[in-house]
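Step one of this worksheet: look at the structure below.
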Amino acid sequence: MDRDIWLYLLCALTSCGIRDVLRGIPATLNYISLDTNRGGSPKLTPYPNWAQNVAGDCDNGLTTAYRIHADECDRLWVLDTGTIGIGNTTVQACPYTLNIFDLKTDKVLRKYRLRPDDINQNTFIANIAVDLGKGGCDDAFAYMSDELGYGLIIYSWENNTSWRATHSYFMPDPLKGDYTIDGLNFQWGEEGIFGMSLSPLMADGYRTLFFHPLSSEREFAVSTRILRDPVLALDSYHEFQALPERFMGHSTSEVMDENGLQLFNLVDQNAVGCWNSLLPYSPANHALIARHDEAMIFPADVKIRRGMVWIISDKMPQFLITSLNYTEVNFRILTMPLADAIAGTVCDNAPWKFVDNNALWWGR
Ligand SMILES: *[C@@H]1O[C@H](CO)[C@@H](O)[C@H](O)[C@H]1NC(C)=O
Ligand SMILES: *[C@@H]1O[C@H](CO)[C@@H](O)[C@H](O)[C@H]1NC(C)=O
Ligand SMILES: *[C@@H]1O[C@H](CO)[C@@H](O)[C@H](O)[C@H]1NC(C)=O
Ligand SMILES: *[C@@H]1O[C@H](CO)[C@@H](O)[C@H](O)[C@H]1NC(C)=O
């Protein structure tokens, strides 16, 4: 499969979750060929194929691919929640599984089931971040945010094992559970740690993991030096930093590019925001890079790849609370050059190349 096509693998909050409710969604992970589709409403093609898109086939299939990440080593990391259904109809058909595909051959490199100790009875893993260290492709870790079980699960590629970290910073802010999106008001009071992004490699050889609970406006940070060590990850309360509040609303997803530019979706603003991590994390240094009250209703995920920003929107609140109107376009993929997106904003004013990573204000 072409390296570029990964961007079109569709698996955001609703395009995947919807399958659970409407049994008519036949494949949980799909792609669109960039060569043949420009505009219009293209048909989705199951990835890697139909046979491996069978819900409940725990050994060979994908059940609910909730989040994906393509890394620099042509591996596609697919987080499968193993659940079928939604709300009180949810059935855990298969264990939580991390599937890693080789994008050059479309073969499964690894299928790792989380250990019973990695999860708890409330676990819902909402996102994944993949950390490539200074040691190259084998020096890889995945961090998985347990939104409802309030934990962070860490997987070591090299040792093929996992462990769980907990911290009170993974919990929601009880004052931030009220949402109004596209005119619909609802409460998600329990949503903890959700979006995560990784800084460039710092002078000490580690990255910083930024993360935030969904029902919160606060960003937090911790060095991967802590998370990568199963002993330190369990007992390093003071190594976690709290950053100031964002005051822009709720965010499910965030991403950081190799220059330290962070983008985050703003689900109740139909928008995506930015922060240049050479500047302090403060409202004055945040800006919107895109907003659209029709095309970006619930911008479920945002990615950066080769200088392009990619956003997927899916009208999730309508789907969950009322119903989708199938005569309208409900799912969109939007893309634009990152340089154009940040032009003229506060995120665009840093001379990246003159700054030593070691001098980043949040570095240790
Ligand atoms: C599940 O939730 C629905 C809608 O909230 C409710 O009508 C139904 O009674 C619930 N079922 C069970 C078994 O709790
Ligand atoms: C793998 O496990 C060994 C033995 O426990 C440990 O020394 C090593 O640091 C681990 N490597 C990684 C990358 O976690
Ligand atoms: C990784 O560990 C799991 C057990 O947790 C095992 O089933 C699997 O075969 C291992 N994979 C590799 C590549 O060692
Ligand atoms: C669905 O969308 C179409 C096109 O925007 C609109 O004409 C129609 O009234 C909508 N239906 C409902 C039930 O809202």
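- Transitive grouping of hydrophobic side chains (ILVMFWY, heavy atoms separated by less than 4.5 Å) brings Phe211 and Ile226 into a common cluster.
- Because its NZ or CZ atom is not both nearer than 6.0 Å to the ring centre of Trp275 and within 45° of the ring axis, Arg246 does not count as a cation-pi partner of that residue.
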Exercise. Could you walk me through whether His286 and Phe247 pass ring pair (Phe, Tyr, Trp, His ring centres under 6.0 Å), step by step?
Key: CA-CA 10 Å; His286 294 150; Phe247 299 120; 9.5 Å; no
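- The main-chain N or O of Tyr179 is found under 3.5 Å from a side-chain atom of Asn185 such that the two form a donor-acceptor pair.
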Practice problem: Decide side chain to side chain contact (heavy atoms under 4.5 Å, CB included) for Leu184 and Gln318; before the verdict, give the C-alpha distance in whole Å, the side-chain angles of both, and the deciding distance to 0.1 Å. | Solution: CA-CA 8 Å; Leu184 297 169; Gln318 281 86 336; 4.2 Å; yes
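- Using a 4.5 Å cut-off on side-chain heavy atoms (C-beta onward), Tyr237 and Ser168 make contact.
- Taking each heavy atom of Ala93 and Gly56 in turn, the nearest pair found is CB-CA, 4.3 Å.
- You'll find the side chain of Val222 stays beyond 4.5 Å of the side chain of Thr208, heavy atoms only.
- Side-chain contact, Glu191 with Ser215: no donor N or O sits under 3.5 Å from an acceptor N or O.
- More than 12 heavy atoms of other residues, nucleotides or ligands shown are found within 6.0 angstrom of CD on Glu245.
- In the model, Ser251 has a side-chain atom that pairs as donor or acceptor with a side-chain atom of Asn265 under 3.5 Å.
- Looking at every heavy atom in both residues, Ile125 comes nearest to Ile153 through CD1-CD1, 3.6 Å.
- At least one donor-acceptor pair closer than 3.5 Å links the side chain of Glu217 to the backbone N or O of Met248.
- Formation of a donor-acceptor pair under 3.5 Å by the Asp57 side chain with backbone atoms of Gln52 is not found in this model.
- Proximity of Tyr96 to Arg113: side-chain heavy atoms (C-beta onward) are nowhere separated by under 4.5 Å.
- Side-chain atoms of Asn285 come within 3.5 Å of backbone atoms of Pro280 as a donor-acceptor pair (strictly under, hydrogens ignored).
- Of all non-hydrogen atoms in Gln269 and Asp293, the two that sit nearest each other are O-OD1, 4.3 Å.
- For the pair Thr28/Thr63, no side-chain contact is recorded, criterion being any heavy-atom separation below 4.5 Å from C-beta on.
- Between Met256 and Leu263, every side-chain heavy-atom pair lies at or beyond the 4.5 Å cut-off.
- With hydrogens and angles disregarded, a donor-acceptor distance shorter than 3.5 Å links the side chain of Asn53 to the backbone of Tyr47.
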Practice problem: For Leu261 and Cys347, run side chain to side chain contact (heavy atoms under 4.5 Å, CB included): C-alpha distance rounded to whole Å, both residues' side-chain angles, the deciding distance at 0.1 Å, then the answer. | Solution: CA-CA 7 Å; Leu261 180 82; Cys347 302; 3.8 Å; yes
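- The backbone N or O of Ile128 lies less than 3.5 Å from no partner atom in the side chain of His69, so there is not a single donor-acceptor pair.
- With a 4.5 Å cut-off on side-chain heavy atoms, Val108 and Ile100 do not count as touching.
- With hydrogens and angles left out, the side-chain atoms of Thr161 and Asn159 include no donor and acceptor closer than 3.5 Å.
- Within the 4.5 Å cutoff, side-chain heavy atoms of Arg225 are placed close to those of Leu232.
- Listed for the Thr64 side chain is a donor-acceptor partner under 3.5 Å among the backbone atoms of Thr83.
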Practice problem: Evaluate the criterion side chain to side chain contact (heavy atoms under 4.5 Å, CB included) for residue pair Val309 and Thr335; output intermediate values, then yes/no. | Solution: CA-CA 5 Å; Val309 183; Thr335 183; 5.8 Å; no
Practice problem: For Arg75 and Trp77, run side chain to side chain contact (heavy atoms under 4.5 Å, CB included): C-alpha distance rounded to whole Å, both residues' side-chain angles, the deciding distance at 0.1 Å, then the answer. | Solution: CA-CA 6 Å; Arg75 292 175 299 209; Trp77 301 65; 3.9 Å; yes
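- There is a path of hydrophobic side-chain contacts, each under 4.5 Å, that joins Phe331 to Ile321.
- For the pair Arg305 and Trp310, the cation-pi test (distance below 6.0 Å, angle within 45°) is failed.
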Quiz item: Given His212 and Phe264, is the ring pair (Phe, Tyr, Trp, His ring centres under 6.0 Å) satisfied, shown in steps?
Solution: CA-CA 10 Å; His212 62 261; Phe264 42 90; 7.9 Å; no
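- The closest side-chain donor-acceptor pair between Glu158 and Asn160, if any, does not fall under 3.5 angstrom.
- Using the six-membered ring where Trp is involved, Tyr169 and Phe220 have ring planes that are parallel, under 30° apart on the 30 and 60° scheme.
- The nearest pair of heavy atoms linking Leu103 to Ala70 is CD1-CB, 4.1 Å.
- Partner of Arg332 under the side-chain contact (heavy atoms from CB on, under 4.5 Å) criterion, chosen from Pro299, Ser41, Ser313: Ser313.
- Under the 4.5 Å side-chain heavy-atom criterion for ILVMFWY residues, a single connected hydrophobic cluster contains both Phe186 and Phe319.
- Side-chain heavy atoms closer than 4.5 Å link hydrophobic residues (I, L, V, M, F, W, Y) into clusters, and following such links, even through other members, never connects Tyr206 to Tyr155.
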Self-check item: Full working for side chain to side chain donor-acceptor pair (under 3.5 Å) between Asn325 and Thr327
Solution: CA-CA 6 Å; Asn325 178 341; Thr327 62; 2.7 Å; yes
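- Cluster annotation: Ile333 and Val329 are assigned to distinct hydrophobic clusters (Ile/Leu/Val/Met/Phe/Trp/Tyr, side-chain heavy-atom contacts under 4.5 Å, transitive).
- In terms of heavy atoms, Arg67 sits closest to Ala300 at NH1-O, 3.5 Å.
- Ring centroid separation for the pair His167 and Tyr150 does not come in under the 6.0 Å cut-off.
- At distances below 3.5 Å, not a single donor-acceptor pair connects side-chain atoms of Asp268 with backbone N or O atoms of Thr180.
- Using a 4.5 Å heavy-atom cutoff, the side chains of Ile311 and Met336 are in contact.
- Once rounded to the nearest 0.5 Å, the distance linking SG of Cys58 with CD of Gln92 reads 9.0 Å.
- Side-chain contact, Asp118 with Ser162: a donor N or O sits under 3.5 Å from an acceptor N or O.
- No donor-acceptor pair closer than 3.5 Å links the side chain of Thr45 to the backbone N or O of Ile32.
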Self-check item: Residue pair Ser253, Asp301: steps toward the side chain to side chain donor-acceptor pair (under 3.5 Å) verdict
Solution: CA-CA 6 Å; Ser253 179; Asp301 213 346; 2.5 Å; yes
Cut-off 3.5 Å, no hydrogens considered: what does the side-chain donor-acceptor table look like for residues 139-148, sequence neighbours left out?
{"unit_1": "Asp139", "atom_1": "OD1", "unit_2": "Arg228", "atom_2": "NH1", "d": "2.8"}
{"unit_1": "Asp139", "atom_1": "OD1", "unit_2": "Arg228", "atom_2": "NH2", "d": "3.4"}
{"unit_1": "Asp139", "atom_1": "OD2", "unit_2": "Lys134", "atom_2": "N", "d": "3.3"}
{"unit_1": "Asp139", "atom_1": "OD2", "unit_2": "Gly135", "atom_2": "N", "d": "3.0"}
{"unit_1": "Tyr143", "atom_1": "OH", "unit_2": "Asp131", "atom_2": "OD2", "d": "2.6"}
{"unit_1": "Ser145", "atom_1": "OG", "unit_2": "Asn127", "atom_2": "N", "d": "3.3"}
{"unit_1": "Ser145", "atom_1": "OG", "unit_2": "Phe194", "atom_2": "O", "d": "2.8"}
{"unit_1": "Asp146", "atom_1": "OD1", "unit_2": "Phe124", "atom_2": "N", "d": "2.9"}
{"unit_1": "Asp146", "atom_1": "OD1", "unit_2": "Gly149", "atom_2": "N", "d": "2.8"}
{"unit_1": "Asp146", "atom_1": "OD2", "unit_2": "Thr123", "atom_2": "OG1", "d": "2.7"}
{"unit_1": "Asp146", "atom_1": "OD2", "unit_2": "Arg164", "atom_2": "NH1", "d": "3.0"}
{"unit_1": "Asp146", "atom_1": "OD2", "unit_2": "Arg164", "atom_2": "NH2", "d": "3.3"}

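- Here the side chain of Arg218 pairs a donor or acceptor atom with the backbone of Leu243 at under 3.5 angstrom.
- At a threshold of 4.0 Å, the pair Asp102-Arg110 does not count as salt-bridged, since none of the basic side-chain nitrogens sits closer than that to a carboxylate oxygen.
- For Glu294, the CD atom sits in a loose shell: 12 or fewer heavy atoms of surrounding residues, nucleotides or ligands are nearer than 6.0 Å.
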